[in-house]
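Let me begin by handing over the structure; questions about it come next.
Chain A is the first sequence line, chain B the second, and so forth, proteins listed ahead of strands; every chain is numbered from 1.
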Amino acid sequence: MIIAKQGEFDPVPLAALLPGAISLIAPFALLKENRVVDGIPMSGFQLAGAWNWILIGVFILVFLASFLKKTLWRSVLYGGSGLLCFWAMAWLLVRGSFLLPEGAAPRISPAWGFWGLPIAAYVLIDHSRIFRFRFGGLVLLTLLILPTALLFSGGRGEAISVMREWSARKDRFGAEFVVHLRLFLTAVGGATLLGIPLGVQAARGGRSGASVVSFVDAAQTIPSMALFGLLMAPLAALSQAFPLLRTLGVRGIGAAPALIALTLYALLPIVRNTVVGLEQVPDSALEAGLGMGMSPPQLFWRVQWPMALPYVLTGLKTASVQAVGNTAVAALIGAGGLGMMIFQGLGQSAPDLILLGVIPLVLLAVGVDRIWGFVILRTVSPGLSTVGGDS
Amino acid sequence: MTLEWKKVSKRFGDKQAVDELSLEVPEGELLVLIGPSGCGKTTSLKMINRLVDPQTGSVLVGGRDVSHVPAVELRRHIGYVIQHVGLFPHMRVSENVGAVPKLLGWSKEKIEQRVHELLELVGLPPQDYAQSWPAHLSGGEAQRVGVARALAADPPVLLMDEPFGAVDPLTREILQREFLRIQSTLGKTVVFVTHDLDEAIRLGDRIAVMNEGRLVAAAPPAELLLNADPFIRDFTGEDRALRRLARLSVGQALGDATPMKSASRRDASVGAIRTDATLKEALSQMLEAGETSLEAFSPAGRSMGTLTLEDLLERAAGEVAS
């Protein structure tokens with residue numbers, strides 16, 4: 001029997017079908033004559049025309065499959081449908097751009113129903129097992145990006161609102177992106193150089209270590225906006241008092257307070273995880289190392305550090321991903337970065353411009369997360385993880 | 001290599017952990033330190049590899065006062081096995097075993113060869129185990145690796161701190177037997193801490209009983225079980241006569257020098273017993289069959305004479321020197 005027994009119904013695809021159905025019924029995109037006017041809402045149904053039966057058919061298949069036994073074919077269906085949802089997202093926008101009214105720069109903006117498709121795609125692909133092999137992530141990435149890029153190529157994607165915003169400020173966007181990268185990398189780099197030695201010191205015990213941790217803890221509780229504000233006055237005063245600092249670019253606003261605040265925020269996960277990583281090393285391993293004649297540096301580098309490494313790297317990952325997001329807030333005090341697009345978009349009530357800031361921000365955060373995941377996989381001893389420990 | 005504690009004392013705060021301990025261990029002896037918890041046995045052990053330094057008195061290893069030897073240098077030539085094994089989880093079994101040779105700067109080939117030898121010695125086929133991770137070993141396997149690691153640089157002295165205390169009784173017995181086999185070929189000077197009297201009797205050439213930091217007695221197992229000291233009597237328990245019988249083989253009782261093999265299992269036939277069975281097993285068999293004598297056979301099947309209940313009574317009372 002391929003029908004699953006009672007109680008084996010797979011509920012996860014429902015979490016994809018619901019948003020998928022919403023994107024067909026609800027306003028999927030707004031067709032606008034220009035940036036400012038209200039657009040004409042179009043649902044997925046209206047945009048897809050007769051083609052929507054393909055999507056509906058696939059949704060029905062997925063629904064039926066959730067009653068079937070867990071097989072490779074079911075997984076293929078889930079994965080394939082997920083990809084289809086993703087491609088449909090791009091394709092519906094391109095189709096919609098042919099229906100645009102005449103105008104100087106007509107554009108198609110995603111409406112709230114649009115987001116149903118990426119959610120459906122994410123749930124289905126994540127639930128499918130077919131990309132869980134070596135380099136499966138890269139294959140998936142290619143399958144997502146390549147067809148989408150082809151759809152958008154040859155000018156077919158230029159009427160999409162985010163693309164319009166982008167082409168209006170290509171140079172500016174590139175520059176802000178670089179500023180964003182530089183800010184977040186400098187902050188995480190500084191926090192790493194500072195945080196790991198502090199963590200090691202704190203793990204060795206003593207009052208200095210404990211006070212470091214509580215200071216870093218306290219810094220974390222201050223909201224980022226407040227911290228920027230707090231730093232502005234003293235830095236402005238310092239910059240007034242010491243002309244040298246001023247020539248170095250230290251002022252109450254701009255990169256200096258942003259870097260200080262971002263570094264403070266990145267410190268906590270790094271210090272914390274270094275301490276936890278070193279403290280979880282069992283006493284028996286330390287006693288064995290000491291008893292066999294390791295000197296204190298040998299004990300640290302051969303036993304404590306490698307055993308703490310997975311924790312330390314996870315701390316770096318958390319700090320990096322957080323810093324990508326926190327850096328956006330730094331735009332408020334004139335440090336630049338992708339936050340500029342977001343806050344300008346908010347100021348001008350231009351959601352498309354906000355998206356131009358948000359989308360690369362999300363992609364950057366996901367990318368940073370994945371890169372660290374790869375680094376952790378490669379540098380941590382397989383003996384320390386329960387999975388993949390063989391051979 | 002000989003070991004000696006010379007009037008050694010150590011206090012931890014208010015507590016006198018070790019009080020004027022004086023004891024010598026001749027080369028090649030397996031000395032068991034035993035006593036109730038907190039009696040100072042582990043502290044005494046750790047003084048040998050300087051994990052603990054005494055406040056007064058001195059500890060000699062091979063005639064040299066250890067306080068004059070750099071701790072790191074000393075420890076690399078003393079094998080150390082602890083209860084919780086303390087394998088390094090991020091290193092493969094082969095790297096764990098090769099840890100001390102690596103500290104000593106041996107060549108890669110030499111380390112690899114040595115690791116191979118040692119895994120064979122402790123009964124873990126290298127082709128199956130060398131590349132494993134500690135997380136995948138059972139408790140017994142992990143402690144075998146722990147013993148192999150301690151033996152890696154062929155140290156003349158081996159310190160074992162309740163090494164088999166954390167494994168199940170069946171595995172413990174197997175490990176004890178294996179360890180006796182290894183020790184009989186290597187002949188290390190061993191100090192073995194335990195709180196398990198049966199283990200002490202099974203393994204020890206000599207047992208040193210400690211209480212409240214003081215040495216109460218140090219004697220071979222059979223003698224210790226005859227000791228009239230009230231603390232020793234109490235410590236060795238109501239069934240110490242049986243424990244003494246468990247130390248001796250039928251062959252020994254009948255006057256031949258067949259060494260006892262605890263691995264033996266008696267034949268099923270009633271009225272006969274193999275010479276390598278223990279006297280405790282012989283007594284059990286007599287009680288079960290309602291007999292007062294048993295025919296003894298060598299493992300090869302040769303008749304070796306008759307074991308009587310009187311023989312057992314004499315041995316249990318310690319009237320015949322063993």
Side-chain angles (χ1 to χ4, degrees), chain A residues 196 199-200 203-205 273-317 373-391, chain B residues 42 45-46 48-52 69-105 130-137 142-143 145-146 149-153 155 158-163 166:
Chain A
I196 290 177
V200 172
R204 293 227 167 113
N273 278 38
T274 306
V275 173
V276 170
L278 288 170
E279 280 177 351
Q280 59 81 41
V281 175
D283 287 344
S284 59
L286 297 180
E287 192 186 344
L290 212 58
M292 72 170 58
M294 287 187 181
S295 65
Q298 282 169 333
L299 194 66
F300 181 80
W301 289 113
R302 294 185 191 200
V303 179
Q304 293 171 289
W305 180 249
M307 285 175 73
L309 193 60
Y311 294 81
V312 176
L313 291 179
T314 306
L316 290 177
K317 174 167 127 173
F374 180 78
V375 170
I376 290 171
L377 196 69
R378 278 306 161 95
T379 50
V380 168
S381 161
L384 294 176
S385 56
T386 43
V387 283
D390 282 304
S391 86
Chain B
T42 294
L45 177 96
K46 287 180 172 177
I48 296 170
N49 64 359
R50 290 195 63 190
L51 286 175
V52 172
V69 186
V72 165
E73 201 51 46
L74 179 78
R75 291 171 191 157
R76 289 178 186 175
H77 297 98
I78 295 179
Y80 188 44
V81 185
I82 54 179
Q83 182 179 2
H84 296 290
V85 198
L87 292 184
F88 304 135
H90 59 291
M91 298 182 186
R92 292 175 194 273
V93 164
S94 56
E95 295 167 278
N96 267 286
V97 175
V100 182
K102 197 175 171 195
L103 287 173
L104 293 170
Q131 298 305 307
S132 310
W133 299 101
H136 295 171
L137 301 176
Q143 196 50 285
V145 175
R149 180 172 68 176
L151 292 170
L158 198 56
L159 306 180
M160 305 180 85
D161 191 358
E162 304 203 22

Residue part contacting chain A, namely of R50(B), when any heavy atom lies under 4.5 Å: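 Nothing of R50(B), per the 4.5 Å heavy-atom cut-off to chain A.
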
Any side-chain heavy atom of L45(B) within less than 4.5 Å of one from Y80(B)?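 The answer is yes; the side chains approach within 4.5 Å.
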
T314(A) and N273(A): CA distance, side-chain angles, deciding distance, side chain to side chain donor-acceptor pair (under 3.5 Å) verdict: CA-CA 7 Å; T314(A) 306; N273(A) 278 38; 5.1 Å; no

For A153(B) versus R76(B), what's the shortest heavy-atom pair and its separation?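 What the structure gives for the nearest pair is CB-O, 4.3 Å.
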
Which atoms of P134(B) are under 4.5 Å from chain A, going by heavy atoms: the side chain, the backbone, both sets, or neither?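 Interface part for P134(B): neither.
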
Measuring heavy-atom distances to chain A, does V81(B) have an atom under 4.5 Å in its side chain, in its backbone, in both, or in neither?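 Neither the backbone nor the side chain of V81(B) comes within 4.5 Å of chain A.
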
For Y311(A), does the OH atom sit with more than 12 other heavy atoms under 6.0 Å from it, leaving out its own atoms?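 At most 12 heavy atoms, drawn from other residues, nucleotides or ligands, come within 6.0 Å of this atom.
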
Options L286(A), V303(A), D283(A), V281(A), ranked by heavy-atom pairs under 4.5 Å with chain B, top entry: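 If we count pairs closer than 4.5 Å to chain B, V303(A) comes out on top.
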
